[in-house]
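The model shown is predicted, which means the values in this text are computed figures rather than measured ones. Proteins come first, then strands; the chains are lettered A, B, ... in the order of their sequence lines, and each starts at number 1.
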There are 2 protein chains.
Amino acid sequence: METRELRYFVAVAEELHFGRAAQRLGIAQPPLSRAIQQLERRLGVALLDRTSRTVALTEAGSVLLVEARAALDAVDAAERRTRRAALAATGRPGLVLVTKANASSELLAKLLDAYAAEPGAVPVDVILCGPAEQARLLREGRADVALLHRPFDSTAGFHTEELGTEGQVVVLPAGHPLTTRSHVHLADVTGLPGLPLPRWPAPDGSYPPGPGPQVRDHAQLLQLVALGRACAVSPESCRAQLHSDLAAVPVLDAPQVTTVIAWPAHSRSRAVADLVRTATRL
Amino acid sequence: METRELRYFVAVAEELHFGRAAQRLGIAQPPLSRAIQQLERRLGVALLDRTSRTVALTEAGSVLLVEARAALDAVDAAERRTRRAALAATGRPGLVLVTKANASSELLAKLLDAYAAEPGAVPVDVILCGPAEQARLLREGRADVALLHRPFDSTAGFHTEELGTEGQVVVLPAGHPLTTRSHVHLADVTGLPGLPLPRWPAPDGSYPPGPGPQVRDHAQLLQLVALGRACAVSPESCRAQLHSDLAAVPVLDAPQVTTVIAWPAHSRSRAVADLVRTATRL
DNA sequence: GCGGATCAATACCCGGCAGGTATCGCCGAC
DNA sequence: GTCGGCGATACCTGCCGGGTATTGATCCGC
């Protein structure tokens, strides 16, 4: 299978419409029809159920859609990492580290300091992004290493080392009745009147349905909490960033959050290895 | 980048010889030279240092070699999983589970029994293979789910659930002086006179240099121990398979072994999800 | 129920590119 | 110096990817 065929199939599978898919690919519709037919013939598998009016994925087709996206990601990552390696060899060999904005900032500062003190350290660019974006950047070869937080972030496809574990707290507007408690349970904070938990975007950028406000990052969320429009359950290290109008109370039965440093499974970079080693020694 | 180009590049990078690579690919040498030149031009990156007598990988080239292999694996896995999905839809929807021969057999039996009792269970084929082969089979789409053992097996690229943790024992010929001890430490069993630890094959099938005998699976290893040619440090669940001519003594400071159930990150199979759920409830 | 609209499939043509053969140019070995 | 091995170049050919025109089938409005 050639990547061209996979790209064509993904386009059709996503559009479920040969004409639109062809337009998106910048080719005419007949060659696209033919390419998909060839792909099906070579695989010996029906990928699409098509009537002359409608197109639907077969069971095998929906498997291929997922797998083809993964394979195309791998090809793109190969290209990008090769380009990065060439740059690193000739010019400025820098690392790109990606982490969630407002998360583990203390750990991050310690890590960057400790790594910078290592012999042979290279400059590290830090990218701050919304949750669930880190994995994509790392997978696409746009970043060399990431700080992820289990169980929120999936670490599938990466090598990881655990850096630390912490409990979670509920962040509330200062003066809320619960802030007098020394601790609470999850059941105490779900469904608080007027303080719903927020909705985070799914990996595809869409928001699940529900009552809470939509948030893209932690700063937004804290602002909404301060406004009395939401409450938040967050790792306790976020306490360092709370203003006086916010209060945090430990949630005893919330899952422990593990911060891990993650890098692509095939990284051959000396700098990444050094950074990881530094991180594990913190 | 097309998979054809990647395949060509991998062949040249592995052979470091255009003529032999072309032969391996079943094409003539000139088109291969041209294809690699095009690839380099499109990437804007030198991949190979070539004189008219010798070919060597550049830094970027060795990155691409690793990444290209991973990308080609992903493409092949996409093809195989699609074919499997088509078979499952039309014919006998079976699962393929792969595990190390002689490992976790009790757990495996319990898992298969429990899963078979689930409503909607499908037949499960079990593949037993040598260590480090499981990950390959799973990655290549030849198996749906695997039992892996951390820290021996890398779980990079898979979703996993932990099933249990156990200590390790040293397996010795019956009557060996150490068998009278209630426990030992790692230092006690490395470098035992005449009883070296064995050498396991690397992922590429080659053996590291060293004194111990080469083994491919656990049964071979136990046989060598019985013959007084080696000793073995293994998870304690292997005790169930020891004959009377072998003895096991706990090793206090050997790393804990965690058995995990692993499946490809993009699995959409209902049967895999059921099996995993069953496993976590054991 | 009929005509038009819509959409995938088919028919057919063209140009580019993958692949082949022949050859060159370079370099190391003897 | 000559020969042999190896990658690059030159040039040709046929296939295949892509284009336009058209058909055939289904849904929809009236």
Side-chain angles (χ1 to χ4, degrees), chain A residues 1-62 64-65 68 71-72 75 78-79, chain B residues 1-62 64-65 68 71-72 75 78-79:
Chain A
M1 288 197 298
E2 292 301 314
T3 61
R4 183 181 53 82
E5 302 175 290
L6 292 180
R7 272 189 285 269
Y8 285 10
F9 173 75
V10 169
V12 175
E14 286 178 353
E15 299 284 348
L16 292 178
H17 189 293
F18 279 75
R20 278 195 300 274
Q23 201 173 359
R24 194 172 114 184
L25 292 166
I27 65 172
Q29 169 258 318
L32 180 57
S33 285
R34 218 179 38 193
I36 301 292
Q37 288 173 40
Q38 274 184 21
L39 180 60
E40 287 180 311
R41 209 173 323 125
R42 269 219 293 277
L43 286 173
V45 168
L47 300 171
L48 298 167
D49 277 329
R50 33 202 189 284
T51 69
S52 66
R53 295 295 294 174
T54 179
V55 176
L57 284 170
T58 64
E59 194 60 35
S62 55
L64 182 58
L65 175 56
L72 291 174
V75 172
E79 182 165 341
Chain B
M1 288 199 296
E2 292 302 313
T3 61
R4 184 181 53 84
E5 301 176 290
L6 292 180
R7 272 189 287 268
Y8 286 8
F9 173 73
V10 168
V12 175
E14 285 179 354
E15 299 284 348
L16 292 178
H17 189 293
F18 279 76
R20 279 195 299 275
Q23 201 173 357
R24 193 172 113 184
L25 293 166
I27 64 171
Q29 169 258 320
L32 180 57
S33 286
R34 219 179 38 194
I36 301 292
Q37 287 173 39
Q38 276 186 19
L39 180 60
E40 286 180 310
R41 210 173 322 125
R42 269 219 295 277
L43 286 174
V45 167
L47 300 171
L48 298 167
D49 277 329
R50 34 201 187 285
T51 69
S52 67
R53 296 295 295 174
T54 178
V55 176
L57 283 170
T58 63
E59 195 59 35
S62 56
L64 183 58
L65 175 56
L72 291 174
V75 172
E79 184 166 338

Salt bridge or not for Glu40(A) and Arg50(A), using N-O below 4.0 Å?
-> yes
Step through the shown structure and confirm whether more than 12 heavy atoms of other residues, nucleotides or ligands are within 6.0 Å of CD on Gln29(B).
-> yes
Salt bridge (Lys or Arg N to Asp or Glu O under 4.0 Å) with Arg20(A): which residues, sequence neighbours excluded?
-> Glu15(A)
Set out, line by line, the N/O atom pairs under 3.5 Å between protein and nucleotides 28-30 of chain C.
none

Sorted by number, residues from residues 9-18 of chain A placing a heavy atom under 4.0 Å from DNA chain D are none
Whole Å only: how far is the CD atom of Glu2(A) from the P atom of dC16(D)?
-> 13 Å
Find the distance Leu25(A):CG to dG17(D):P and express it as a whole number of Å.
-> 15 Å
Rounded to whole Å, the CZ-C1' distance (Arg50(A) to dT26(D)) equals 16 Å
All salt bridge (Lys or Arg N to Asp or Glu O under 4.0 Å) counterparts of Arg7(A), not counting sequence neighbours = Glu2(B)
Judged by atom type as modelled, is there a donor-acceptor pair below 3.5 Å linking the side chain of Ser62(A) to the main-chain atoms of Leu57(A)?
-> no
For nucleotides 13-24 of chain C, 5' to 3', base contacts (B), sugar-phosphate-only contacts (S) and non-contacts (-) with protein non-hydrogen atoms under 4.0 Å give -----BBBBB--
Backbone of Phe18(B) reached by a side-chain donor or acceptor of Ser33(B) within 3.5 Å = no
Report the distance from atom CD1 of Ile36(A) to atom C1' of dC16(D), rounded to the nearest whole Å.
-> 16 Å
What residues form a salt bridge (Lys or Arg N to Asp or Glu O under 4.0 Å) with Arg4(B), not counting sequence neighbours?
-> none
Under-4.0 Å side-chain N/O to phosphate OP1/OP2 contact, Ser33(A) with dA8(C) | no
For the student: nearest non-hydrogen atoms of Ala46(A) and Ala60(A), plus distance = O-CB, 4.0 Å
Determine yes or no for a side-chain-to-main-chain donor-acceptor pair under 3.5 angstrom, with Thr3(B) supplying the side chain and Met1(A) the backbone.
-> yes
Any donor-acceptor pair under 3.5 Å from Thr58(B) side chain to Leu47(B) backbone = yes
Separation of dC6(D) P from Gln23(B) CD (nearest whole Å) = 11 Å
How close or far is atom P of dA8(C) from atom CD of Glu40(A), stated in whole angstroms?
-> 13 Å
Nearest heavy-atom neighbours spanning Leu6(A) and Ala68(A) | CD2-CB, 3.9 Å
